[in-house]
**Student:** 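Quick one: the structure is below, and I'll ask about it shortly.
Just so you know, residue 1 is the first one in the sequence shown, and it goes up from there.
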Amino acid sequence: MSNELDGKKIAILAADGVEKIELEQPRTVLQEAGAQIEVLSLKEGEIQAREHDLEPAGQISVDRTVSDASVDEYDGLVLPGGTVNPDKLRLDDSAVSFVRDFVESGKPVAAICHGPWTLVEAGVVNGRTVTSYPSIRTDLRNAGANVVDEEVAVDGNLITSRSPKDLEAFCSTLVKQLAHAAAGSTSA
């Protein structure tokens with residue numbers, strides 16, 4: 001275990017329908033690197049997780065509602081996928097504003113699979129290079145993004161990935177970008 005993210009606090013924003021592995025694997029990797037993780041959602045209590053979008057995969061405890069959270073409290077944001085999850089987030093003004101403010105803050109924002117749908121709704125992909133699950137690439141292009149088919153795309157503070165198959169590269173890149181951002185903020 002490394003401690004390169006000691007003292008860092010990362011938000012994971014998710015709703016019912018989240019793809020379980022896309023939340024749990026980044027959370028585990030970030031915790032192993034020393035970060036404190038908070039799961040934010042649209043409601044208190046628990047959210048329903050899915051496996052392969054269709055199969056129930058249990059419940060995930062929510063730490064806070066996104067409407068009660070502030071970008072200033074966190075060093076990074078993770079947006080897992082699952083088709084239903086980002087579709088629910090896109091309809092919530094608090095979630096969309098939180099994502100927009102996070103991207104505009106310059107802090108790392110990582111989205112995987114269908115997670116970039118929320119970035120589209122937040123209006124933050126125009127002119128940015130991103131990747132995603134193939135079925136939402138047209139939406140990203142229509143929002144002005146330069147879409148690539150790579151396991152991980154990094155454009156400034158945006159980190160995107162295609163699918164659960166890319167989780168290892170996604171998580172590794174996320175830790176590196178968060179550590180780099182933390183080093184940059186301490187050297188200023």
**Student:** Determine whether a donor-acceptor pair (N or O, by modelled atom type, separation under 3.5 Å) exists between the side chain of D16 and the backbone of A49.
**Tutor:** no
**Student:** Grouping I, L, V, M, F, W and Y whenever their side-chain heavy atoms are under 4.5 Å apart, do L79 and V154 come out in a common cluster?
**Tutor:**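 Not linked; separate clusters.
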**Student:** According to a hydrophobic-cluster definition based on side-chain heavy atoms being under 4.5 Å apart (Ile, Leu, Val, Met, Phe, Trp, Tyr only), do L158 and V152 belong together?
**Tutor:** no
**Student:** So L40 and T65, do their side chains get closer than 4.5 Å, heavy atoms only?
**Tutor:** no
**Student:** Do S135 and H114 come within less than 4.5 Å of each other through their side chains, counting heavy atoms only?
**Tutor:** yes
**Student:** How long is the straight-line distance from CD1 of I47 back to CG of N85, given to the nearest 0.5 Å?
**Tutor:**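 It comes to 6.5 Å.
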**Student:** State whether E55 and R50 are salt-bridged, where the test is any N-O pair (Lys NZ or Arg NE/NH1/NH2 against Asp/Glu carboxylate O) under 4.0 Å.
**Tutor:** no
**Student:** Please report the C-alpha distance between K43 and V62 in whole Å, then the side-chain angles of each, then the deciding distance to 0.1 Å, and finally whether the side-chain contact (heavy atoms from CB on, under 4.5 Å) criterion is met.
**Tutor:** CA-CA 8 Å; K43 62 180 185 176; V62 172; 5.7 Å; no
**Student:** When you look at CD of E168, are more than 12 heavy atoms from neighbouring residues, nucleotides or ligands closer to it than 6.0 Å?
**Tutor:**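 Result for CD/E168: open.
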**Student:** Does any non-hydrogen side-chain atom of H52 lie less than 4.5 Å from one of K20?
**Tutor:**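 They are not in side-chain contact.
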**Student:** Mind listing the closest non-hydrogen atom pair of L30 and L178 along with its distance?
**Tutor:** CD2-CD1, 3.5 Å
**Student:** What's the spacing between N146 CG and N126 CG if we round to 0.5 Å?
**Tutor:** 11.0 Å
**Student:** Checking N157 against R128: is there a side-chain donor and acceptor pair closer than 3.5 Å?
**Tutor:**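 There is such a pair (donor and acceptor under 3.5 Å, judged by atom type) between the side chains of R128 and N157.
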**Student:** With no hydrogens and no angle check, do the side chains of W117 and D87 hold a donor and an acceptor under 3.5 Å apart?
**Tutor:**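 Side-chain D/A pair, W117 to D87: absent.
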**Student:** For G17 and V84, which heavy atoms make the closest approach, and how far apart are they?
**Tutor:** CA-CB, 4.0 Å
**Student:** Which is it for R27 and E38 under the salt bridge (Lys or Arg N to Asp or Glu O under 4.0 Å) test, yes or no, and what are the steps along the way?
**Tutor:** CA-CA 9 Å; R27 176 171 58 184; E38 281 194 354; over 6 Å; no
**Student:** Indicate the atoms forming the closest heavy-atom contact of G81 with C113, along with that distance.
**Tutor:**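 It is CA-CB, 4.4 Å.
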**Student:** Is R162 salt-bridged to D166, cutoff N-O under 4.0 Å?
**Tutor:** yes
**Student:** Please answer: with hydrophobic residues joined when any side-chain heavy atoms are less than 4.5 Å apart, are V96 and V103 in the same cluster?
**Tutor:** no
**Student:** Would you find more than 12 non-hydrogen atoms of other residues, nucleotides or ligands less than 6.0 Å from D93 atom CG?
**Tutor:** no
**Student:** Report the distance from atom CD of E150 to atom OG1 of T160, rounding to the nearest 0.5 Å.
**Tutor:** 9.0 Å
**Student:** With a 4.5 Å heavy-atom cut-off, do L42 and K88 have their side chains touching?
**Tutor:** yes
**Student:** Could you state the interatomic distance from CD1 (I12) to OG (S41), rounded to the nearest 0.5 Å?
**Tutor:**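 So the CD1 of I12 and the OG of S41 are separated by 12.0 Å.
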**Student:** Quick one: closest heavy-atom pair of V120 and A143, and the distance?
**Tutor:** CG1-CB, 3.9 Å
**Student:** Hey, quick one: are V18 and L13 part of the same hydrophobic cluster, counting side-chain heavy atoms closer than 4.5 Å, chains of contacts allowed?
**Tutor:** no
**Student:** Looking at every non-hydrogen atom in both residues, tell me the closest pair between T131 and D149 and how far apart they are.
**Tutor:** OG1-CA, 4.0 Å
**Student:** Evaluate the side-chain proximity of E19 to P80: yes if any heavy-atom separation is below 4.5 Å, no if none is.
**Tutor:**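 Answer no - side chains too far apart.
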**Student:** Quick check against the 3.5 Å criterion: does N3 have a side-chain atom that pairs as donor or acceptor with the backbone of G34?
**Tutor:**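 Side chain of N3 to backbone of G34, a donor-acceptor pair under 3.5 Å: no, none is there.
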**Student:** What are the two closest heavy atoms between K107 and Y74, and how far apart are they?
**Tutor:**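 Looks like NZ-O, 2.7 Å.
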**Student:** Is the closest side-chain heavy-atom distance between I10 and D75 below 4.5 Å?
**Tutor:**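 Side-chain contact under 4.5 Å: yes.
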**Student:** With a 4.5 Å heavy-atom cut-off, do I159 and V109 have their side chains touching?
**Tutor:** no
**Student:** Quick one: ring-ring contact (aromatic ring centres under 6.0 Å, His included) partners of F98, sequence neighbours excluded?
**Tutor:** F102
**Student:** Just how far is it from atom CG of L89 to atom OG of S94, taken to the nearest 0.5 Å?
**Tutor:** 11.0 Å
**Student:** Please check if atom NZ in K165 has more than 12 non-hydrogen atoms from other residues, nucleotides or ligands closer than 6.0 Å.
**Tutor:** no
**Student:** Should V147 and I136 be regarded as members of a common hydrophobic cluster, given that ILVMFWY residues are connected when their side-chain heavy atoms come within less than 4.5 Å of each other, either directly or indirectly?
**Tutor:** yes
**Student:** Is it true that a side-chain atom of Q25 and a backbone atom of E22 form a donor plus acceptor pair closer than 3.5 Å?
**Tutor:** no
**Student:** Hey, does the side chain of R64 reach the backbone of D68 with a donor-acceptor pair shorter than 3.5 angstrom?
**Tutor:**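 Pair found, side chain donor or acceptor close to backbone of D68.
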**Student:** Could you tell me whether the side chain of K8 reaches within less than 4.5 Å of the side chain of Q36, counting heavy atoms only?
**Tutor:**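 No. Closest side-chain heavy atoms not under 4.5 Å.
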**Student:** In Å and rounded to the nearest 0.5 Å, what is the CG to CG distance from L140 to L119?
**Tutor:**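 It is 7.5 Å, given to the nearest 0.5 Å.
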**Student:** Please test E104 against D101 for side-chain contact (heavy atoms from CB on, under 4.5 Å), starting from the C-alpha separation and ending with a verdict.
**Tutor:** CA-CA 5 Å; E104 291 174 355; D101 293 347; 4.2 Å; yes
**Student:** So with a 6.0 Å cut-off around CD of E44, is the heavy-atom count from everything else above 12?
**Tutor:**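 No.
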